[in-house]
Amino acid sequence: MGSTSDTAVEGIPDSSSDVSHEHASSVSDVLAAYDTDESGLSSDEVTERLETYGENKIERQEAPSALEILLDQFRDYLVYILFVALVLSLGVGAIPGESPRYGEAVIISLILVGNGLFGFFQDYRAEQSIAELQKMSMPSVTVLRDGSKVEVDATELVPGDIVFLEQGDAIPADARVIKSDSLATIEAPLTGESTQVRKSTETVAPETPVAERQNMIFKGTDAARGQGVAVVTQTGMDTQLGDIADELQTTEDERTPFQKEVDDLGRRLGILISGFVVVLAFIQGVVTGTDWFTLALLAIGLVVAAIPEALPVIVTFALALGSRRMLDQNALVRRLPVVEALGSVNYIITDKTGTLTQGEMTVTRLFAAGSDHKFSELQEHSDLSDTDNPVADVLRCGVYCNNAEQTEDGYTGGPTEVALLRAGHQVNISARDERTRLIPFDSDRKRMTTIIDDDTAYMKGAPEMVLERCDRLRTENGVEELTDADREQIEQQSSTYANDALRVLAFARKQVEDPDANEEDIESGMILLGIQAMIDPPREEVKEAVADCRNAGIQVVMATGDDKQTARAIGRNLGFDDSKVYTGSEIEQIGEDKLRDVVRDTEIFARVSPSHKVQILRILQDLGYNVAMTGDGVNDAPALKSSDVGIAMGIQGTDVAKKSSDIILQDDNFVTIRNAVREGRTIYDNIQKVTNYLLSTNAAEVLFVFIGALIGSLFFQEEFSATEGVVLTAVMILWVNFITDGPPAIALAADKTMPDVMNRPPREPDESIIDKTILGMTAGTGIIASAAFLPLFFFYVGADPAEFILAQTVLFTALAMFEIAMVQVVRREYNLSIVSNRWLILAVGVAFVFQLLILYTPLADLFDVVAIGIEPWILIGAALVVFLVLIIGYQRLVLRRFGRRDEFESVTTTESD
């Protein structure tokens, strides 16, 4: 076992010692050994044990500290290049006749520190956001404290706690089972076996291997069936999972597809710029005789100009910001890559109960002994507790065959079981006998059975699944044989209720001779009592949300466990096409080729099990769809894992479903799915804006330097030979990237959702963020900007060094103004005005003010620039107007050729045809 605390609480065995054999000890001995009983620990005892044993969590690889995050900002090859430039700036003073370039050294140092701090704050905020999201997704557990059931965070468990487990719960700690109602777990994380392991309270031999200790449950596994109560024996690193914790440290942070794309882009640009450097070095070294130091700085300038070093940091910022926005709308993102995936979702398979409906069941009708009853009328007889009639028997069965509970704050449990329990309580029927056995509900059997201490077995479930287990019927005259006519009457009444959008359950009972008999014997020869029908009204806002998704090119399908009529009625109310409704059993009978057409053309599936959902999912994925799927049960885990975006319910969802999902809906509402898709598209758009902006402006910087150097070397040899021979210094480019690029790019990442974001089709799943539109804009922007602004440099350049510095200053200022203007050029594609983003206004203002400070304060000496008069500003303004006219015209051509709006119009037309 893992290490334990050096100081143990008195009376509790050291879990690492050889005498700790809870599996070989009786329940009473284990409770005594841990100084607890079936009423649980007191708050004071819990506090003491928490101090001794620590929190119940596995010691995973610690998140990086603030210092580590800061130092990590300087472990980048671009930073290494800047360090080389810094050393060159200072080291050139060692060459005879040369002096150190202190100004350049100061600027490079400031940019290194500034870039480092910028990256640090963004990465630190992202780490904090991820940590907060992980904390919020931490499972809770029901435990006895001070004699009462309470729900606590799983990290607060201590040895000796009494925990309650149900189907779908994640096992929070190693524990000894002290009560089992058909409890079974899946222990694949420990054993690799995915089969269910039945749990009991019986002792086993001390030498029994861990995998065969059927009276123990283990942290990290899941309750797949039944219910149970257990006493916690080990927590945290002392658990069996703690023993293999080191293996968990090998997992690396998952990078999003775009982050990988940016890495690949950096490598490709590095190769391209290396070619540029070789060409320029040859031309300037041979033609103009430029010194090696200037050539080195030129090479550094080209590399800095080409590589969008801020892009990875800003992408992380955009993803973290987006996940926070989604959380504000009740969508908890468990993995950052899913934020990108949301933008390509084009099919949603959703549950009905609680997602499309309100999830608040109310019993409205009841059928017993051949008569239909309105429950509101039955409530007039407020006390049916001692009544021996068919109606009371149906309600009593609903109370006993139930896992819901009444608490001081109301009711806890699933909406169906809460409705049944509340209905019984409203006519004063409550459970007076203790349950002795549970045969739990599962998605295949679609029924549940309990046995109470007078050996009465109560069953509830889907009408067809209960009817097949019954051979007798409760009538006004007692118990009679269940005839075919009786079966037909029950089926017809169930269908009538279902057509009114009611959920229908049938109820049965019998006396059992042997409560420990096998399930088949227990659940046969039952007496049919009747049916209850419940209404779960559709959420009013869902119909609009479904329509929004369809308008966005996303097909929405309802897959429910309800019967065909109920599914059709609810679907019709919410705008689903109810002309075709297929059940799970019908799906099983359809051939594979025809099934593909059925799945593609059907919007409502009824009486489906999780295995049917997986089958539907795989067919859609084979057809090329990117599918988001909802789920809440244990058996939904495979579908959630296999889907492109798995969405678990936060209220009704099991821990197993939540662990298997990418997103957790904290309100179980389909509207939140629509909002998450909208936010995902917004994030994707913002990342594309940032990418377009940075690549386009960097391309212009590269061409300024490259084309300027070529023209200067070939046609202005005298002017270039008398100077350093570069149109923009590395320091100027660094400054523009840091101040003029950085803040606006961050502001772009925070752009709000566009009004038409849900009027466009989903992007293709394999579509690159750096698409043809961005590549076209990148190439065109560099060429057009060079044509518009480089003439300013050659207009002012001269053989006098002062004239050369003036020319550099004018081009430097023109570059800054170009990049400020380029922000809005990029946003034009999305029909956004500059006033729609106050952060962008602030960022542009800051960039402009800093440019003025450099020109008209002593900072000018650090950059080797001079103050410019009114004439250069007029010429810069004129060049900017020329650039804007040309780039907007070019942008229209690019959008007409590659833009997605025309693509959407063609898709809409095709579908409407």
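A quick note: this is a predicted structure, and the numbers were derived from the prediction, not measured. Counting begins at 1 with the first residue of the sequence. Just so you know, these numbers use all the heavy atoms, side chains as well, and skip hydrogens, waters and symmetry mates.
In this structure, T672 OG1 and I663 CD1 are separated by 10.5 Å, a value rounded to the nearest 0.5 Å. In this structure, E701 CD and L728 CG are separated by 8.0 Å, a value rounded to the nearest 0.5 Å. A distance of 12.0 Å separates CD1 in I783 from CG in L886, rounded to the nearest 0.5 Å. Residue S833 holds its OG atom at 12.5 Å from CZ of R828, rounded to the nearest 0.5 Å. Note that CG of N675 and CG of D328 are 11.5 Å apart. Values are rounded to the nearest 0.5 Å. Here the straight-line distance linking atom CG of L342 with atom CD1 of I683 works out to 8.0 Å at 0.5 Å rounding.
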What verdict does the side chain to side chain donor-acceptor pair (under 3.5 Å) test give for N692 and K689, after you've listed the backbone C-alpha separation in whole Å, the side-chain angles of each residue and the deciding distance to 0.1 Å?
CA-CA 5 Å; N692 193 351; K689 291 175 203 169; over 6 Å; no

Given N737 and N698, is the side chain to side chain contact (heavy atoms under 4.5 Å, CB included) satisfied, shown in steps?
CA-CA 8 Å; N737 282 356; N698 283 23; 3.9 Å; yes

Take I733 and V705 through the test side chain to side chain contact (heavy atoms under 4.5 Å, CB included) and record every step on the way to the result.
CA-CA 10 Å; I733 295 172; V705 175; 3.5 Å; yes

R760/M754 under side chain to side chain contact (heavy atoms under 4.5 Å, CB included): CA gap, chis, key distance, verdict
CA-CA 11 Å; R760 291 186 270 126; M754 294 182 302; 3.1 Å; yes

Verdict with reasoning, F793 to F704, per side chain to side chain contact (heavy atoms under 4.5 Å, CB included):
CA-CA 10 Å; F793 175 86; F704 277 17; over 6 Å; no

Name the atoms and distances for all side-chain donor-acceptor pairs under 3.5 Å in residues 810-826, with sequence neighbours left out.
| from | atom 1 | to | atom 2 | distance (Å) |
| --- | --- | --- | --- | --- |
| T813 | OG1 | T809 | O | 2.9 |
| Q824 | OE1 | R827 | NH1 | 3.1 |
| Q824 | NE2 | L832 | O | 2.5 |

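Between the side chain of R681 and the backbone N or O of R763, no donor-acceptor pair lies under 3.5 Å. N837 contributes a side-chain N or O that, together with a main-chain N or O of L840, makes up a donor-acceptor pair within less than 3.5 Å. Within the 3.5 Å criterion, the main-chain N or O of L665 finds no donor-acceptor partner in the side chain of N330. A donor-acceptor contact shorter than 3.5 Å links the side chain of N686 to the backbone of A749.
Nearest approach of S786 to L703, heavy atoms of both residues: OG-CB, 3.3 Å. Across Y890 and G776, no two heavy atoms sit closer than the pair OH-O, 2.6 Å. Of all the heavy atoms in A154 and N56, the pair that sits closest is O-ND2, 2.9 Å. Considering all non-hydrogen atoms of both residues, A331 and A676 come closest at CB-CB, 4.2 Å.
Residues V849 and L852 form no side-chain contact, since every pair of their non-hydrogen atoms from C-beta on lies 4.5 Å or further apart. No side-chain heavy atom of T781 sits less than 4.5 Å from a side-chain heavy atom of Q891. Looking at V333 and L327, their side chains never come closer than 4.5 Å, going by heavy atoms from C-beta outward. Contact check for I868 versus Y856: side-chain heavy atoms found under the 4.5 Å cut-off. The closest side-chain heavy-atom distance from Q808 to M732 is below 4.5 Å. Residues Y684 and I687 are not in side-chain contact: their nearest non-hydrogen atoms beyond the backbone lie 4.5 Å or more apart. Using a 4.5 Å cut-off on side-chain heavy atoms (C-beta onward), P872 and Y796 make contact. In this structure the side chain of M777 never reaches within 4.5 angstrom of the side chain of L695, judged on heavy atoms.
Remark: D644 pairs with no residue by the salt bridge (charged side-chain N to carboxylate O under 4.0 Å, His left out) rule, at least two apart or across chains. Scanning for side chain to side chain contact (heavy atoms under 4.5 Å, CB included) contacts around P743 gives A843, with sequence neighbours left out. A search for salt bridge (charged side-chain N to carboxylate O under 4.0 Å, His left out) contacts involving R325 returns E679, not counting sequence neighbours. For E803, there are no salt bridge (charged side-chain N to carboxylate O under 4.0 Å, His left out) partners two or more places apart in sequence or in a different chain. Looking at residues two or more places apart in sequence or on another chain, you find a side chain to side chain contact (heavy atoms under 4.5 Å, CB included) between S661 and R334, A648, I664.
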